[in-house]
Amino acid sequence: MMEKQDTGVQPVLRAVNLTKRFGGLVAVNDVSLDIYPGEVVALAGDNGAGKSTLIKMISGVYRPDAGHIYLEGREITMASPLEARNLGIETIYQDLALCENLDATVNIFLGREPTKRLFGLFKQVDRNLMLAESNKVLDRLDIHIPNLRRPIRQMSGGQRQAVAIARAVYWNAKLVIMDEPTAALGVPEQRKVHELIHTLKRQNVPVIIISHNLQDIFAVADRIVVMRRGYKVGDVLASEVTDDDLVAMMVGSA
């Protein structure tokens, strides 16, 4: 098992000895994980390995039964995903949590819409500011979406992923978690998502990615954490392992 070398760089996130039980089932058992600035870490493992439960503890969905989570060196506890987002942990799930009847700009600002006063009296949503700021963050990510005023339902899967990532970046995410980001996407759109992950990396935003697609993992990951039956059984550099090595760790034949 590879251990991260001490480079003097503080991890953005430290998960220490996390455990989560559901009745008599131990879904995650004493798992520790460090995520460093600008690092892409893939979580690999078969169904039921504990990947999603681990992510849900880091993103505020579940409270750990044991262990600690540190963000930028400070211990944090979260009672909800909203608290995690407010701390800078953004999670992009398969369904993207976008409102399909609303446009891209509204989705980027959803729940945090800027307002302006009309005639000095009445507050109204500042849609022009939302459009200008949305264009800025999309340009920063080198994303080109014609007509941001279109409803999300009229956009491609890759464009929807781009909007979800842009929302995370705009609100200064300290860590982005992506759950199966290329599921149900065609090959060109998968490549675009890979490009977006590399863009986040260049901007020093760390990413945790869960994927069953080994091609996805090797296309973007610096490091791969392998889980099996609730335990962390591997922590390896992506450049030093093969598909077969990962499969062997996941099924327990390594």
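Being a predicted model, the structure only gives us computed values, none of them experimental. These values consider heavy atoms only, across backbone and side chains, with no hydrogens, waters or symmetry-generated copies.
- Expressed to the nearest 0.5 Å, how far CG of Leu33 lies from NZ of Lys232 amounts to 6.0 Å.
- Distance check: Gln159 CD to Ile143 CD1 gives 10.0 Å after rounding to the nearest 0.5 Å.
- In this structure the side chain of Leu54 reaches within 4.5 angstrom of the side chain of Met227, judged on heavy atoms.
- In this structure, Leu200 CG and Leu141 CG are separated by 6.5 Å, a value rounded to the nearest 0.5 Å.
- There is no path of hydrophobic side-chain contacts, each under 4.5 Å, that joins Tyr170 to Leu129.
- Listed for the Gln154 side chain is no donor-acceptor partner under 3.5 Å among the backbone atoms of Pro151.
- Leu196 is connected to Ile145 through a chain of hydrophobic side-chain contacts under 4.5 Å among Ile, Leu, Val, Met, Phe, Trp and Tyr, so both are in one cluster.
- Residue Pro181 comes nearest to Ile210 through the heavy atom pair CD-O, 3.7 Å, listed as atom of the first residue, atom of the second, then distance.
- Met78 and Glu83 make their closest contact through CA-OE1, 3.5 Å (heavy atoms, listed as atom of the first residue, atom of the second, distance).
- In this structure, the side chains of Asp179 and Ile92 stay at 4.5 Å or more apart for every pair of heavy atoms.
- Contacts classified as salt bridge (Lys or Arg N to Asp or Glu O under 4.0 Å) and involving residues 109-125 (residues at least two apart or in different chains) are given here: Glu90-Arg112.
- Summarising the local packing, CD of Gln215 is surrounded by 12 or fewer heavy atoms from other residues, nucleotides or ligands at distances under 6.0 Å.
- Within the 4.5 Å cutoff, the side chain of Met178 has heavy atoms near those of the Ile165 side chain.
- Of all heavy-atom pairs between Ala84 and Gly60, the closest is CB-N, 4.2 Å.
- Counting only heavy atoms from C-beta outward, the side chains of Leu18 and Ile69 approach each other to under 4.5 Å.
- Without hydrogens or angle criteria, Glu39 side chain to Tyr36 main chain gives a donor-acceptor distance under 3.5 Å.
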* Asked: Going through the checks in order, is the side chain to side chain contact (heavy atoms under 4.5 Å, CB included) test met by Val236 and Arg223?
  -> CA-CA 6 Å; Val236 295; Arg223 188 157 52 96; over 6 Å; no
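- With rounding to the nearest 0.5 angstrom, the CD atom of Glu180 is 8.0 Å from the OG atom of Ser52.
- Shortest non-hydrogen contact noted between Asp65 and Arg21 is OD2-N, 2.6 Å.
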* To do: Dump the intermediate steps for salt bridge (Lys or Arg N to Asp or Glu O under 4.0 Å) on Asp103 and Arg150, then the final yes or no.
  => CA-CA 5 Å; Asp103 67 35; Arg150 281 183 302 151; over 6 Å; no
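- The list of salt bridge (Lys or Arg N to Asp or Glu O under 4.0 Å) pairs with a residue in residues 128-137, not counting sequence neighbours, reads Glu133-Lys136.
- Although no hydrogens or angles enter the test, the distance criterion places a donor-acceptor pair under 3.5 Å between the side chain of Thr19 and the main chain of Asp30.
- Leu82 and Leu87 fall into different hydrophobic clusters, defined by Ile, Leu, Val, Met, Phe, Trp and Tyr side-chain heavy atoms under 4.5 Å apart, directly or through other members.
- Remark: the Glu189 side chain and the Thr182 side chain contain no N/O donor-acceptor pair separated by less than 3.5 Å.
- Annotation: side chain to side chain contact (heavy atoms under 4.5 Å, CB included) contacts of Val16 (sequence neighbours excluded): Arg14, Ser32, Tyr70.
- Counting heavy atoms from C-beta on, the side chains of Val226 and Met250 come closer than 4.5 Å.
- Legend: salt bridge (Lys or Arg N to Asp or Glu O under 4.0 Å) pairs involving residues 195-207, not counting sequence neighbours, sorted by first then second residue: Lys192-Glu195, Lys201-Asp222.
- Nearest heavy-atom pair, Leu138 versus Ala166, reported as atom, atom and distance to 0.1 Å: CD2-CB, 3.8 Å.
- Judged purely by distance below 3.5 Å, without hydrogens or angles, the side chains of Asp244 and Thr242 never pair a donor atom with an acceptor atom.
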* Which is it for Ile224 and Leu237 under the side chain to side chain contact (heavy atoms under 4.5 Å, CB included) test, yes or no, and what are the steps along the way? -> CA-CA 6 Å; Ile224 305 168; Leu237 293 174; over 6 Å; no
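- Identified under the salt bridge (Lys or Arg N to Asp or Glu O under 4.0 Å) test for residues 205-217, with sequence neighbours left out: none.
- Legend: ring-ring contact (aromatic ring centres under 6.0 Å, His included) pairs involving residues 196-226, not counting sequence neighbours: none detected.
- Nearest approach of Arg149 to Arg127, heavy atoms of both residues: NH1-NH2, 3.3 Å.
- Side-chain atoms of Ile152 and Met155, non-hydrogen and from C-beta on, do get closer than 4.5 Å to each other.
- Rounding to the nearest 0.5 Å gives a distance of 8.0 Å between OG1 of Thr53 and CG of Leu25.
- In this structure a side-chain-to-backbone donor-acceptor pair under 3.5 Å is missing from Lys56 to Lys51.
- Grouping the Ile, Leu, Val, Met, Phe, Trp and Tyr side chains by contacts below 4.5 angstrom, directly or via other members, places Phe22 with Met57.
- Note on Tyr231 and Val26: separate hydrophobic clusters, where clusters join Ile, Leu, Val, Met, Phe, Trp and Tyr whose side-chain heavy atoms are under 4.5 Å apart, directly or indirectly.
- Annotation: the span from Tyr93 atom OH to Ile55 atom CD1 amounts to 8.0 Å, rounded to 0.5 Å.
- Two residues are said to be in side-chain contact when any heavy atoms from C-beta on lie closer than 4.5 Å; Asn128 and Asp126 meet this criterion.
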* For the pair Val41 and Ile209, evaluate side chain to side chain contact (heavy atoms under 4.5 Å, CB included) and give the outcome as yes or no after the intermediate values. => CA-CA 6 Å; Val41 177; Ile209 175 175; over 6 Å; no
* Can you list the steps and then say if Gln203 with Arg140 is a side chain to side chain contact (heavy atoms under 4.5 Å, CB included)? -> CA-CA 10 Å; Gln203 297 183 6; Arg140 177 180 162 194; 2.9 Å; yes
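- Residues Arg160 and Leu98 have side chains in contact (heavy-atom distance under 4.5 Å, counting atoms from C-beta outward).
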